[in-house]
Amino acid sequence: MNRMTNSLDFQAQALTLRAERQRIIAGNIANADTPGYVARDMDFAAALREATGTQAAGTTMAGATATAPGHIPIGTGSTSELGLKYAAPSQTSLDSNTVDMDRERASFVDNSVKYEATLRFINTDVRTMLDAMKSPSQG
Amino acid sequence: MSMMKIFDISGSAVSSQSQRLNVVASNLANVDTVAGPDGKAYKAREVTFQTVLMGTPDGVPGAGVKVSGITENQSPGRKVHDPNSPSADADGYVTYSNVNAVDEMVNMISASRSYQNNIEVMNTAKTLLMKTLQMGQG
């Protein structure tokens, strides 16, 4: 039934997480001069696994399996604190701020490119579906 | 829509950095100010930044920044021996402001770089949002 939108759902989750990560990196860049600020970043792979864990495998959850119908699924929802980690300072500074601007800029660009890639995947999925819906006479 | 929050976060940083730039400008303008009639010369000012959490209904709050306060540098001002100046004290010394022009220039460059960084973040977020709006059209 939902085979049509399965891939779309996955990409939608990925897009949400990409937007979330973009926001976190923006926060790091905004606080580049704040004393005592500790840079944070998202373990994207883990976050995506957690966000899509329930859908991909049916009844298996992230780290747990539902063996009875009454079991409440865990690991649903797109975002949680779990995916967030603190960045280790590469060059310590006197005001204990751990934002490494080079790394943040690189992560930011990397994340923007991957966000656009996910968007393109979604667009292609939509186009494929629309093409499949057309009758042969429509070309 | 967590992408929209980026404008709040970077916007808070831009306004904080511009306030810092403002303080630098007023310090640099007063680098040669002598003590007024009250005998007190201009004191260099500096801003202090603080992280401010911008809550979202779901998930992790974003980390904006705000100016938590402006402090005056309490170090003594420069004293120059110039007995002929009308603002000289009994010993013939004129007290100038305690602004260090080199410090202020460094501060200015740092502020303007951070400002640019945050503007770029907003530009990227805007581009991505525009592309998101066109999702499914092309």
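A, B, ... follow the sequence lines: proteins, then strands. Residue 1 opens every chain.
- Side-chain atoms of B:Met3 and A:Tyr115, non-hydrogen and from C-beta on, do get closer than 4.5 Å to each other.
- Heavy atoms closer than 4.5 Å to chain B are found nowhere in A:Ile25, neither backbone nor side chain.
- Of all non-hydrogen atoms in A:Gln22 and B:Ile6, the two that sit nearest each other are CG-CD1, 3.5 Å.
- Among A:Leu130, A:Thr34, A:Asp125, the residue with the largest count of heavy-atom pairs under 4.5 Å with chain B is A:Thr34.
- Within a 6.0 Å sphere centred on CZ of B:Phe7, other residues, nucleotides and ligands contribute more than 12 heavy atoms.
- Linking Ile, Leu, Val, Met, Phe, Trp and Tyr residues whenever their side-chain heavy atoms come within less than 4.5 Å places B:Leu28 and B:Ile109 in a single cluster.
- Here the shortest heavy-atom pairing between B:Val65 and A:Ala30 reads CG1-O, 3.6 Å.
- Of all the heavy atoms in A:Ala26 and B:Val121, the pair that sits closest is CB-CG1, 3.7 Å.
- Between A:Gly27 and B:Ile9, the shortest heavy-atom distance links the atoms CA-CG2, 3.5 Å.
- For the pair A:Asp33 and B:Arg20, the minimum side-chain heavy-atom distance is below 4.5 Å.
- Hydrophobic clustering of Ile, Leu, Val, Met, Phe, Trp and Tyr side chains at less than 4.5 Å, counting indirect connections, unites B:Tyr42 with B:Val31.
- At a 4.5 Å heavy-atom cutoff, the contact between A:Ile122 and chain B is made by side-chain atoms alone.
- Residues A:Leu15 and B:Met135 have side chains in contact (heavy-atom distance under 4.5 Å, counting atoms from C-beta outward).
- At a threshold of 4.5 Å between non-hydrogen side-chain atoms, the residues A:Ser112 and B:Leu128 count as touching.
- For B:Gln74, the CD atom is densely surrounded, since the number of other residues' heavy atoms within 6.0 Å is greater than 12.
- Comparing A:Ile24, A:Val109, A:Ile29 by how many heavy-atom pairs each has under 4.5 Å with chain B, the most go to A:Ile29.
- No more than 12 heavy atoms of other residues, nucleotides or ligands sit less than 6.0 Å from atom CE of B:Met105.
- Under the 4.5 Å side-chain heavy-atom criterion for Ile, Leu, Val, Met, Phe, Trp and Tyr, B:Val47 and B:Leu21 are members of distinct hydrophobic clusters.
- In this structure, chain B has a heavy atom under 4.5 Å from the side chain of A:Arg105, while its backbone stays farther away.
- A single hydrophobic cluster is seen to contain both B:Ile119 and B:Met4, as judged by linkage of ILVMFWY side chains at heavy-atom distances under 4.5 Å, directly or through other members.
- When atom types are taken as modelled, the side chain of A:Asn31 and the backbone of B:Ala63 share a donor-acceptor pair closer than 3.5 angstrom.
- To the nearest 0.5 Å, atom CG of residue A:Asn111 and atom OG1 of residue B:Thr124 are 11.0 Å apart.
- Hydrophobic clustering places A:Phe108 together with B:Leu129 (ILVMFWY residues linked when any side-chain heavy atoms are closer than 4.5 Å, directly or through intermediates).
- To the nearest 0.5 Å, atoms CG (A:Leu119) and OG1 (B:Thr132) are separated by 4.5 Å.
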